[in-house]
Each structure stands twice: as structure tokens, then as C-alpha cells.
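Note sheet for the following structure.
Just so it is clear, the structure is predicted and the values come from calculations on it, not from any experiment.
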Amino acid sequence: MFIQEKILILDFGFPQVQDLARQIRQLGVFSVIFPYQTSMEKIAALEPQGIILAAEDFAAFQSEVTQIKQCNFPVAFWPALTKVGLKEFLFQDCSCKVYWSIANFIERQVQLIREKVGSNKVLCALSGGVDSAVAAALVHQAVGEQLTCVFVDHGFLRKGEAEEVQNVFQKKWPLNLIFVDARERFLKKLSGISDPEQKRKIIGNEFIRVFEETALGLGEVDFLVQGTVYPDVLESGSGVGGTIKSHHNVGGLPEKMNFRLLEPLAKLFKNEVRKVGRELGLPTEIIERQPFPGPGLAIRIIGEITAEKLEILREADAIFLDEIRQAAFDDLWQVFAVLPSIKSVGVQDKVRTYAYPLILRAVTSVDAMTAKAAHLPYELLDKITERIIREVPQINRVVYDLTSKPPGTIEWE
């Protein structure tokens, strides 16, 4: 870990544990989250300044709490801590210093990357999203021309996205960029696959194989940069509830790779990643870009993926995004469409239709660990629905997802 002084949050299934971690960081102290089952040996090895136990009710965890209270570190309970009490715990009981900041993070990471990489070559998996873009910019600041970025078009991108990414990173923010068209390759690998976990793992594995093959043309490449962020790590299996879903860049990685990984953002929340991007001078259109999953439309098509379904979803999704932009809804975390692999009966021009329904999803969030369905005006939803059904004939029904996270997730797969 890149920071010695830290507060360890032991999560007993507390819904606001991410908010607590962010609060502590906003006070200038670094915080990390581990499940309550973490062994005392590992806790001791982490050498925290203090420990916060995060739970709504500790009644079922008395033996664990008793054991933790016997450690040699200051221990506090949440939500018993008020905001004032949190400050007292950090700066009086734990004697923490205010030193955690984005500027300090960048300075330390640049130093660590240089030490780790040395004179070796580095490859960056650049998707064009904020996470991979910020990771690329950070590593570029550390090692300069030793970095080559690879953008893989796996065929699951949104309409016009491949062209947009190339334009930004070859003209506005010039990096050594290699473009790989792997659309047929990925579609073939996913032929007949319906299970979402299988999809993610296949895509993660195939990404690595494409990077390995690309690296052969560059000479010996030792490191692969990924834009992994803290929620990716937590959702892929290090939390109290185990794996929620295997992010393609974490749980989807193959066991054997020809690279060593560089994940400079793996301990940052999304809002912190954006701050790093601003500090590094990345273009606004990249920093403010909505999160887009690495597997892309492959996990927004429920069930088996086909070229036809991809085109249907791509066109419908573009209409949805266009109308949201025109309506100037700028505070939404994510806006996208989902295509289920079922059909429903409809009628158009007095003729029976049997076509796909489409699910619209728009949410507000801070860090993607929790989310609320956005309350879009009915008139706007009506306009979007009419456009989609008129312009995408393979769709005859549109519904809006009102589910929060939890109990749902933001993405459907």
C-alpha cells in the first residue's frame, strides 16, 4: 500500500460504508475498507492508526467485536460517531495528520511508478473512459515515451465511440496510441454465451490476449496499466457479501499473463479519479464522461449476444443519450438502454408486431456503490419512447427502470 498512515474500516455490512470512507478522506486522512472477517494478523500487518467498526447493529457480532477491541490500535464504532466525534477520533485518539490530498497522491504515485517500472516498456489498456484515461495520463507523467496505449474496439462500444476516442487521444491529448479492431474476434468468443459472469470473464481474458499479441510488435513489454478503481475491487469479491459481479479487469483476468499489472487508481473512488484527471490537465469531455463498463454493450444485452442485437441496442441507446443531452440533464451518473432477449406482441400501423422491448435506465450516484433511479419527466420519457419505436423498428415496447442500488445494481448484468 502506498500510504503508511491510514484508518482501517471494518465493514459488518454497513450500507453507508463507502460514504464513511469518503468522509474520512475529505478530512485529509486516508481510509481503507476491509470485511469484518479480516484476520487479526492481517490487521496488525496493515498497521492502521485506528480502526472503525461499521455496522447498523453489532448484536450478531459480539465475539468478533470483543476480539478486535483487544488489539493495540484505537477502536471506534460507527454510526455511534457523530461528525464531531469522527474528527476527535481521527486527530486526538489516533493522532492522525492532515496529509491526504490529490496532489500528494499524484506525487507519490508518480514516484512509485518510476521506481517499479524503471526503464521497462509499459502498455495501457485505454478504453476512453475516465478511469483508463486518468490512469494513462498518470503513468505517462511518470514514464513518458515508455508508455504505449492500446485502444481495442471489441465491438461492444456505443454509436460513434471508437471514432470519438481516437480523436481525443490522437489530437487533443496526444499519446502513443495503437488502435486494434477486434470486433469479429470478441463476437465469435461470446457466441452462444448467456451467463453474465461468463461474458465478463471471457471478455477480460480476451482483452489480455489482444494486449499480449499487440505487445509482441513493440519488443519486450513488462507492464500493463489498467484503470481499476476501488469500487471495482470491492464488488469483485473483497467485500462482506463476497462477489457482486466480476469486473472484467479484476475477476475476469486470466490466471497466467505475460504482464505485471500497474493499477495506480485501485484505491481511489470515482470522484477522486476525476480530481486526479483535472489536476493532470485532461480534457473536460473525458473527465466528465459517464462511466461505461469495459464489457460495454455485451452486458447490456441480456442473454446471448448477436450482431443484430448490438445494432438494435446501439441505435436505441444513441437516441436515449441524444434526448437526455438536449434536455440538459447534466447531473446524472449514468444513462443507458438495456436490451433483453425476449420479444413481446405489439401493434403498429394496424399490423401485429413481435419485437424486442427496451429498458431505459438513468441513475444518480456519487461512487456507483449506491444509486437512485433518476426521476425523469414523463413528457421526456414519452418523447424518447416515441423516437425509439419510430426509428428502431425492431423495438415495439419501452419501459423505465425505477430500481435503486441496492437491491439492484446499476448495470443489469
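Within the 3.5 Å criterion, the main-chain N or O of Gly118 finds a donor-acceptor partner in the side chain of Gln146. Ser127 places a side-chain N or O within donor-acceptor distance of the main-chain N or O of Gly129, the cut-off being under 3.5 Å. Lys199 contributes a side-chain N or O that, together with a main-chain N or O of Gly303, makes up a donor-acceptor pair within less than 3.5 Å. Distance alone, capped at 3.5 Å, is enough to place a donor-acceptor pair between the Asp401 side chain and the Thr403 backbone. Checked by atom type and distance alone, the side chain of Glu304 never pairs as donor or acceptor with a backbone atom of Ser194 at under 3.5 Å. Without hydrogens or angle criteria, Lys405 side chain to Ala368 main chain gives a donor-acceptor distance under 3.5 Å. Between the Asn176 side chain and the Ile178 main chain, no donor and acceptor come within less than 3.5 Å of each other. Between the side chain of Arg274 and the backbone N or O of Ile287 there is at least one donor-acceptor pair closer than 3.5 Å. Listed for the Tyr230 side chain is a donor-acceptor partner under 3.5 Å among the backbone atoms of Ile33. At distances below 3.5 Å, at least one donor-acceptor pair connects side-chain atoms of Arg397 with backbone N or O atoms of Val345.
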Side chain to side chain contact (heavy atoms under 4.5 Å, CB included) between Val347 and Asn396, intermediate numbers included: CA-CA 8 Å; Val347 59; Asn396 68 354; over 6 Å; no

Using the rule given for side chain to side chain contact (heavy atoms under 4.5 Å, CB included), can you reason through Gln326 versus Asp322, listing the C-alpha separation, both sets of side-chain angles and the distance that settles it, and then say yes or no? CA-CA 6 Å; Gln326 290 187 49; Asp322 180 54; 2.8 Å; yes

Kindly indicate, with the supporting measurements, whether the criterion side chain to side chain donor-acceptor pair (under 3.5 Å) is fulfilled by Thr364 and Asp331. CA-CA 7 Å; Thr364 59; Asp331 60 342; over 6 Å; no

For Gln290 and Phe336: C-alpha separation, side-chain torsions, deciding distance, then whether side chain to side chain contact (heavy atoms under 4.5 Å, CB included) applies. CA-CA 10 Å; Gln290 287 189 6; Phe336 59 92; over 6 Å; no

Could you go step by step and tell me if Lys275 and Phe105 meet the side chain to side chain contact (heavy atoms under 4.5 Å, CB included) rule? CA-CA 11 Å; Lys275 290 177 182 178; Phe105 168 83; over 6 Å; no

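Within 6.0 Å of CD on Gln111 lie more than 12 heavy atoms contributed by other residues, nucleotides or ligands. When the shell of 6.0 Å around CD of Glu184 is examined, it contains 12 or fewer heavy atoms from other residues, nucleotides or ligands. Heavy-atom neighbours of Arg387 CZ from other residues, nucleotides or ligands within 6.0 Å: above the threshold of 12.
Using a cut-off of 4.0 Å between Lys/Arg side-chain N and Asp/Glu carboxylate O, Arg200 and Glu411 are scored as not salt-bridged. Between Glu212 and Arg209 a salt bridge is recorded (basic side-chain N to carboxylate O distance below 4.0 Å). Taking a cutoff of 4.0 Å between a charged side-chain nitrogen and a carboxylate oxygen, Glu161 and Arg289 qualify as a salt bridge. Remark: Arg278 engages Glu288 in a salt bridge, criterion side-chain N to carboxylate O under 4.0 Å. Salt-bridge formation is not detected for the pair Lys383/Glu386: no Lys NZ or Arg NE/NH1/NH2 atom is positioned less than 4.0 Å from an Asp or Glu carboxylate oxygen. Under the 4.0 Å criterion applied to side-chain N and carboxylate O atoms, Lys121 and Glu220 are not assigned as salt-bridge partners. Under the 4.0 Å criterion applied to side-chain N and carboxylate O atoms, Arg158 and Asp317 are not assigned as salt-bridge partners.
Phe77 has its ring centre less than 6.0 Å from the ring centre of Phe58. Ring centroids of Phe186 and Phe207 are separated by less than 6.0 Å, placing the two rings close together.
Using a 30° and 60° split on the angle between ring planes, Trp100 and Phe30 fall in the tilted class, from 30° to 60°.
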